[in-house]
Amino acid sequence: QAQLVESGGGLVQAGGSLRLSCAASGLTFRSYSVAWFRQAPGKEREFVATISWSGGRTYFADSVKGRFTISRDNAKNTVYLQMNSLKPEDTAVYYCAAGLEAMATMQNRYIYWGQGTQVTVSS
């Protein structure tokens, strides 16, 4: 079955950096756009960033623009989220998702989801 597995989460001090990975298996990875979402306790899941199948187009939520970078290595079936200048407000469970609709920001446009990785930013 298709599977996405996130890794790289952890505890980091405000202003620090963290790199998340999303490894895919069981699907034709190059055919899919991939996005990152996050969900903090008591809040709805929100869009973070997305990248096209080729990696040529990216889009970020205003809250992370200029601080986060999304990239992909199709040879490794992996998408990365580089998070810099982290803030306590970035604390959440981060999920990666894959879908056929290019550059979608709504979660219902994505077919496959990982189980999430916890990111905690201390002040």
Side-chain angles (χ1 to χ4, degrees):
Q1 292 185 345
Q3 186 176 18
L4 302 177
V5 179
E6 302 95 337
S7 62
L11 176 64
V12 65
Q13 189 178 34
S17 298
L18 207 59
R19 190 192 196 197
L20 305 184
S21 298
C22 173
S25 62
L27 73 163
T28 305
F29 185 71
R30 293 182 297 275
S31 298
Y32 292 83
S33 292
V34 176
W36 287 92
F37 293 80
R38 67 186 183 186
Q39 187 168 23
K43 296 184 178 180
E44 293 186 346
R45 187 162 47 194
E46 65 176 354
F47 168 79
V48 177
T50 188
I51 187 167
S52 63
W53 70 269
S54 67
R57 293 181 293 164
T58 61
Y59 181 75
F60 300 89
D62 289 342
S63 59
V64 306
K65 194 173 298 182
R67 300 188 297 119
F68 289 12
T69 300
I70 187 170
S71 62
R72 68 190 296 166
D73 186 341
N74 288 340
K76 297 181 179 179
N77 287 355
T78 302
V79 168
Y80 305 96
L81 184 68
Q82 178 67 45
M83 305 184 294
N84 299 322
S85 301
L86 282 163
K87 305 175 181 178
E89 306 92 271
D90 296 318
T91 295
V93 176
Y94 283 71
Y95 301 88
C96 67
L100 295 174
E101 182 176 335
M103 312 303 291
T105 60
M106 294 186 293
Q107 58 184 317
N108 62 2
R109 303 299 186 181
Y110 289 88
I111 302 171
Y112 303 110
W113 290 80
Q115 295 301 306
T117 184
Q118 177 70 47
V119 172
T120 302
V121 184
S122 62
S123 60

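Note: hydrogens, waters and symmetry copies are ignored here, and every other heavy atom, side chains too, is used. Given the structure is predicted, the values throughout are model-derived calculations rather than measurements.
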Undergrad: How many angstroms lie between atom OH of Tyr94 and atom CG of Leu81, to the nearest 0.5 angstrom?
TA: 7.5 Å
Undergrad: Without hydrogens or angle criteria, can the side chains of Asp73 and Thr78 be said to hold a donor-acceptor pair below 3.5 Å?
TA: no
Undergrad: About how many Å separate CD of Gln82 and CD1 of Ile70, when rounded to the nearest 0.5 Å?
TA: 12.0 Å
Undergrad: Does Ser54 reach the main-chain N or O of Gly56 with its side chain, forming a donor-acceptor pair under 3.5 Å?
TA: yes
Undergrad: Report the distance from atom OG of Ser33 to atom CH2 of Trp53, rounding to the nearest 0.5 Å.
TA: 10.0 Å
Undergrad: For Ser85 versus Ser17, what's the shortest heavy-atom pair and its separation?
TA: N-OG, 4.4 Å
Undergrad: Where the side chain of Glu6 meets the backbone of Ser21, is there a donor-acceptor pair that is under 3.5 Å apart?
TA: no
Undergrad: For Ala98 and Leu27, which heavy atoms make the closest approach, and how far apart are they?
TA: CB-CD1, 4.2 Å
Undergrad: Test of understanding: clusters of I, L, V, M, F, W, Y form through side-chain heavy atoms closer than 4.5 Å, transitively. Do Val119 and Val79 belong to the same one?
TA: yes
Undergrad: Do Val93 and Trp113 sit in the same hydrophobic cluster, where Ile, Leu, Val, Met, Phe, Trp and Tyr count as joined when their side-chain heavy atoms come under 4.5 Å apart?
TA: yes
Undergrad: Check this for me: does any side-chain nitrogen of one of Asp62 and Lys65 sit under 4.0 Å from a carboxylate oxygen of the other?
TA: yes
Undergrad: When you look at Phe37 and Phe47, which way does the ring pair (Phe, Tyr, Trp, His ring centres under 6.0 Å) test go after all the steps?
TA: CA-CA 5 Å; Phe37 293 80; Phe47 168 79; 5.8 Å; yes
Undergrad: Which heavy atom in Gly9 sits nearest to a heavy atom in Leu20, and how many Å separate them?
TA: N-CD2, 3.6 Å
Undergrad: Looking at Tyr95, does the NZ or CZ of Arg38 lie under 6.0 angstrom from its six-membered ring centre and within 45 degrees of the ring axis?
TA: no
Undergrad: Answer yes if Val48 and Tyr80 sit in the same cluster of Ile, Leu, Val, Met, Phe, Trp and Tyr residues linked by side chain heavy atoms under 4.5 Å apart, and no otherwise.
TA: no
Undergrad: Verify the cluster assignment for Met106 and Ile111: are they in a single hydrophobic cluster under the rule of side-chain heavy atoms below 4.5 Å apart?
TA: no
Undergrad: Can you tell me if CD on Gln118 sees more than 12 non-hydrogen neighbours from other groups inside 6.0 Å?
TA: yes
Undergrad: Is Arg72 close enough and on-axis enough to Phe29, meaning under 6.0 Å and within 45°, for cation-pi?
TA: yes
Undergrad: Can you tell me how far the CZ atom of Phe68 sits from the OG1 atom of Thr58, to the nearest 0.5 Å?
TA: 14.0 Å
Undergrad: Are Leu100 and Met103 connected, step by step, through hydrophobic side chains (Ile, Leu, Val, Met, Phe, Trp, Tyr) whose heavy atoms are closer than 4.5 Å?
TA: no
Undergrad: How many angstroms lie between CG in Asn84 and CZ in Arg67, if you round to the nearest 0.5 Å?
TA: 9.0 Å
Undergrad: Nearest heavy-atom pair of Gly10 and Leu18: which atoms, and what distance?
TA: N-CD2, 3.8 Å
Undergrad: Give every residue pair that meets the side chain to side chain donor-acceptor pair (under 3.5 Å) criterion with at least one member in residues 102-111, sequence neighbours excluded.
TA: Arg45-Gln107, Thr50-Tyr110
Undergrad: Atom CE of Met83 and atom CG of Asp90: how far apart are they, to the nearest 0.5 Å?
TA: 7.5 Å
